[in-house]
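Side-chain atoms are counted along with the backbone in the values below, which use heavy atoms only and exclude waters and symmetry mates. By convention in this document, chain letters (A, B, ...) are assigned in the order of the sequence lines, proteins followed by strands, and residues within each chain are numbered from 1.
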Number of protein chains: 2
Amino acid sequence: MKSEEIARLAGVSRSTVSRVINNYPNVPEKTRERVMKVIREYNYEPNLSARVLAGKRTNTIGLFLYSIYDIQSPYRIYGNSYFAPLVDAFVDIGNSMGYYMLVHTVYNPDESWRIRQTFSQKRIDGGIIIGTEKSQEIESILSKISHPIVLMDCDPEEIRKIANPKARIAVINSDDEQGIHAAVDYLVELGHREIGMITGRTTTYSGLKRRESFVKRLESHGLTLDERYMLKGDFTGRSTVSEVESLIASGKLPTAMIASNDEMALAAMEAFKRHGIRVPEDISIVGYDDALASSIVKPALTTVRIPFFDMAKKALEMLEELIESDKPRFMVYNADVGLVVRESCTTINT
Amino acid sequence: MKSEEIARLAGVSRSTVSRVINNYPNVPEKTRERVMKVIREYNYEPNLSARVLAGKRTNTIGLFLYSIYDIQSPYRIYGNSYFAPLVDAFVDIGNSMGYYMLVHTVYNPDESWRIRQTFSQKRIDGGIIIGTEKSQEIESILSKISHPIVLMDCDPEEIRKIANPKARIAVINSDDEQGIHAAVDYLVELGHREIGMITGRTTTYSGLKRRESFVKRLESHGLTLDERYMLKGDFTGRSTVSEVESLIASGKLPTAMIASNDEMALAAMEAFKRHGIRVPEDISIVGYDDALASSIVKPALTTVRIPFFDMAKKALEMLEELIESDKPRFMVYNADVGLVVRESCTTINT
DNA sequence: CTGAAAGCGCTTACAG
DNA sequence: CTGAAAGCGCTTACAG
């Protein structure tokens with residue numbers, strides 16, 4: 001079934017059918033009804049490729065995930081407390097906004113040509129990119145793409161510098177400063193003076209930002225930073241365990257620790273417990289992300305909750321705006337976060 | 001950049017460029033190289049819509065998820081121990097096989113026109129449908145689609161009857177009988193004679209199959225089924241709690257229970273614990289799916305592991321076969337499952 | 001308000 | 001082995 005047959009059956013030309021399909025105003029109600037009736041009757045659906053080739057939008061959005069895990073790991077996305085809820089939210093909200101969502105994972109930075117390809121093939125109207133680490137990666141992507149793009153977890157200032165002045169870009173983050181401040185303030189309020197951190201990869205914007213915010217906030221409370229309490233994680237649980245164990249081996253522990261994400265917080269809790277160090281009695285732990293597991297585990301993890309759903313919504317709305325506008329734009333959004341207090345922290349009596 | 005320019009730059013016709021792009025044999029190596037050089041130099045990427053319109057494949061596969069949760073729930077997919085790992089695996093494997101993956105959630109069965117639309121618009125070469133419940137739903141989808149489709153968690157015999165004889169369909173399940181048998185046998189071996197079950201929605205193929213397998217296996221062990229021990233769950237944790245609480249209120253408990261998925265098993269464990277009933281000392285619990293949380297929780301949950309990755313791989317391979325063949329086909333695959341023994345069951349001394 | 005015609009960027013018989 | 005031409009199914013100025 002094609003528009004020509006619809007036209008014939010409705011006694012009009014293909015032009016008019018097209019006008020009806022695209023909801024143009026210059027069609028009398030009667031004609032429109034007649035055409036619509038035939039369309040409905042035959043369950044006619046215009047051929048996407050033909051429409052796109054003739055200049056219409058694809059109504060498809062690309063969602064690209066740079067994974068930090070091995071392809072091997074069966075848990076790479078859904079086990080990731082940052083990616084998983086985002087993907088979900090994006091697919092859901094995108095669908096409800098009428099978009100088709102093309103989801104793509106890229107493992108190797110070298111594979112970023114895939115992203116460019118998706119655009120060059122005109123598969124999508126716009127793209128969302130999550131998980132890039134090095135700005136050169138982003139730069140090489142941005143330099144070749146003139147389509148609307150939303151970047152998540154990137155330094156807005158850096159992107160602004162890198163980006164082509166006629167690009168259409170939005171950068172979306174959650175407010176890491178706010179989150180870390182809330183966590184530090186909470187611990188200080190509980191009486192903690194010796195607070196450590198398990199950092200995430202600092203090649204990541206949030207990894208770096210959380211670390212920096214932590215250091216500054218400690219300072220503003222008049223607390224001194226003990227470098228021995230700064231464990232270098234990479235956002236995975238595995239990296240955390242060995243770091244925690246050498247901390248334990250050092251014989252001296254902080255009274256509280258903030259982890260840059262929940263996976264590391266959970267791994268740290270396990271490691272401490274295994275060594276007879278009780279959470280929260282001997283050490284308080286705060287996580288980041290509010291992963292599913294965090295409320296299941298005992299003690300339930302106090303953590304910073306990121307509003308993934310709202311972020312995805314905002315991202316899609318901004319992307320839509322970029323798609324519909326043909327002027328260069330540079331938008332930035334920083335989502336509010338909040339501390340979820342559960343059971344993994346306690347007051348300290350000195 | 002379009003093929004015409006490539007042709008001009010390489011000193012050939014568009015036909016030849018097309019032949020090179022499509023890797024047709026009737027092009028001398030020298031010509032091919034010359035064309036390829038220009039293509040690479042300009043990073044040329046053929047326009048997808050034009051190719052599809054001219055009769056080529058889209059190289060895109062649709063992944064449709066019927067969600068049982070409210071749109072509201074931010075955890076709908078990634079919190080689902082069945083959907084989440086499957087989506088991951090599908091996107092990953094699909095990508096690595098060279099396909100683009102279109103992911104779509106449908107909440108309302110009425111929304112199934114979305115699936116049909118995706119096909120009619122020629123957006124995808126084939127589709128994978130997960131989570132349909134009533135066969136009439138599937139029937140209405142199948143009746144309107146002549147493209148290759150993979151169905152997961154459906155009764156093969158029923159589909160065979162429903163399906164158009166010239167359809168290209170594959171049905172993929174995990175072996176529920178095997179899984180439930182393993183669970184029952186394990187419990188019997190531990191000495192249990194009074195075994196209950198928390199069933200999933202029996203409008204679901206696996207929900208029904210697991211229940212039936214359970215009943216039969218009990219019989220074959222010479223055990224009698226106590227209807228009071230058959231709790232009617234719907235695969236969600238929430239439904240489980242009230243069922244478990246009325247079981248507890250009845251004053252009589254089985255010594256072991258098998259849940260049709262981990263979410264219910266976990267919820268049951270929580271509920272029992274809250275009422276002072278210890279797992280596994282007072283009651284043994286077996287789950288199904290092997291969700292992420294199941295190994296984190298204390299006691300760690302003994303459960304049936306479904307090989308999601310292998311299933312997705314098989315599904316995509318079969319789908320590819322269906323896409324490449326133009327003959328009607330009906331394929332069935334049943335994946336092996338295995339019991340993962342952890343800490344939630346114990347021997348019983350009578 | 002409406003139709004004929006050109007054009008979107010490919011592929012593929014067809015002819016040579 | 002290769003090019004000219006038709007065709008895929010739409011949309012959109014253009015002319016009326």
Side-chain angles (χ1 to χ4, degrees), chain A residues 1-36 38-39 42-60 100 117-125 147 324 326, chain B residues 1-36 38-39 42-60 100 117-125 147 324 326:
Chain A
M1 181 60 57
K2 45 191 204 177
S3 76
E4 194 171 3
E5 306 181 53
I6 300 294
R8 190 168 44 73
L9 291 163
V12 296
S13 72
R14 283 146 68 212
S15 312
T16 299
V17 172
S18 178
R19 287 184 187 106
V20 170
I21 288 169
N22 291 294
N23 235 293
Y24 292 156
N26 52 348
V27 180
E29 200 42 51
K30 253 184 96 172
T31 314
R32 182 184 304 280
E33 237 340 294
R34 189 148 39 93
V35 174
M36 280 309 292
V38 181
I39 287 179
Y42 289 84
N43 256 312
Y44 167 70
E45 206 70 61
N47 182 307
L48 201 244
S49 302
R51 301 190 80 186
V52 171
L53 192 54
K56 300 302 254 187
R57 302 216 182 98
T58 63
N59 250 277
T60 309
Y100 283 89
Q117 180 184 268
T118 313
F119 279 104
S120 333
Q121 289 184 164
K122 299 245 154 50
R123 282 180 180 270
I124 54 180
D125 297 331
H147 294 79
E324 282 168 359
D326 40 356
Chain B
M1 181 61 53
K2 44 192 202 178
S3 76
E4 194 171 0
E5 306 182 52
I6 300 293
R8 191 168 42 74
L9 290 163
V12 295
S13 73
R14 282 146 69 213
S15 313
T16 299
V17 172
S18 178
R19 287 184 187 104
V20 171
I21 288 169
N22 291 294
N23 233 294
Y24 291 157
N26 52 349
V27 180
E29 202 42 52
K30 251 185 98 172
T31 314
R32 183 184 303 280
E33 238 340 294
R34 188 146 41 92
V35 174
M36 280 308 291
V38 180
I39 287 180
Y42 289 85
N43 254 311
Y44 166 71
E45 206 68 63
N47 181 309
L48 201 244
S49 302
R51 302 190 80 187
V52 171
L53 191 56
K56 299 303 251 188
R57 302 219 183 97
T58 63
N59 250 276
T60 308
Y100 283 89
Q117 180 184 266
T118 312
F119 279 103
S120 329
Q121 289 183 165
K122 301 245 154 52
R123 283 180 180 271
I124 54 181
D125 297 331
H147 294 79
E324 280 167 359
D326 41 358

B:Thr31 and B:Arg19 side chains, donor-acceptor separation under 3.5 Å: no
Distance-only side-chain donor-acceptor flag, A:Asn59 / B:Arg123, under 3.5 Å: no
Quick one: [X] [atom1] to [N] [atom2], roughly how many Å, whole number?
X	N	atom1	atom2	result
B:Arg19	D:dT2	CZ	P	8 Å
B:Arg14	D:dC8	CZ	P	16 Å
A:Asn23	D:dT12	CG	P	13 Å
A:Arg51	C:dC10	CZ	C1'	20 Å
B:Asn22	D:dT2	CG	P	16 Å
A:Lys2	D:dT11	NZ	P	14 Å
A:Glu4	C:dA5	CD	P	13 Å
B:Glu45	C:dG9	CD	C1'	14 Å

Separation of the P atoms in D:dG9 and D:dA13, to the nearest angstrom: 23 Å
C1'-based separation of D:dT12 from D:dG16 [nearest Å]: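 Looking at atom C1' only, D:dG16 and D:dT12 are 16 Å apart.
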[atom2] on [Y] to [atom1] on [X], rounded to 0.5 Å:
X	Y	atom1	atom2	value
B:Lys56	B:Asp125	NZ	CG	11.5 Å
B:Arg8	B:Ser13	CZ	OG	14.0 Å
A:Ile6	A:Ile21	CD1	CD1	7.5 Å
B:Thr60	A:Tyr100	OG1	OH	12.5 Å

Intra- and inter-strand pairs of DNA chain D in dot-bracket (Watson-Crick or G-U wobble, both distances under 3.5 Å; | for another strand): |||.||||||||.|||
Residue whose closest nucleotide on DNA chain D lies nearer the 5' end, A:Tyr24 versus B:Ser15: B:Ser15
For the side chain of [X], counting heavy atoms from C-beta on, which of [options] is nearest?
X	options	answer
A:Pro46	C:dC10, C:dG3, D:dC10	D:dC10
B:Ala54	C:dC10, D:dC10, D:dG9	C:dC10
B:Thr16	C:dC8, D:dG3, C:dT12	D:dG3

Quiz item: B:Ser13 side-chain donor-acceptor pair to D:dA4 base, under 3.5 Å: no
Heavy-atom side-chain proximity of B:Arg32 to B:Val20 below 4.5 angstrom: yes
Non-hydrogen side-chain atoms of B:Glu33 and B:Met36 separated by less than 4.5 Å: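 The answer is yes, as the side chains (C-beta and beyond) meet within the 4.5 Å cut-off.
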Close residues, residues 26-34 of chain B, relative to DNA chain C [heavy-atom separation under 4.0 Å]: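 None - not one residue of the stretch has a heavy atom sitting under 4.0 Å from the strand.
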B:Asn47 side chain near C:dC8 phosphate (N/O to OP1/OP2, under 4.0 Å):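 Result: no.
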Side-chain N,O (B:Tyr44) to OP1/OP2 (C:dC10) below 4.0 Å: yes
Closest-nucleotide ordering on DNA chain C, the 5'-leading residue of B:Lys56 and A:Pro25: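 The answer here is A:Pro25.
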Check: A:Asn47 side chain, A:Ser49 main-chain N or O, donor-acceptor pair, under 3.5 Å: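 Answer holds: yes.
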Side chain A:Arg34, main chain A:Ala10, donor-acceptor under 3.5 Å: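 Side chain of A:Arg34 to backbone of A:Ala10: a pair is present.
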Sugar-phosphate, base or nothing in reach of A:Ser3, heavy atoms under 4.0 Å: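 The residue A:Ser3 makes sugar-phosphate contact but no base contact.
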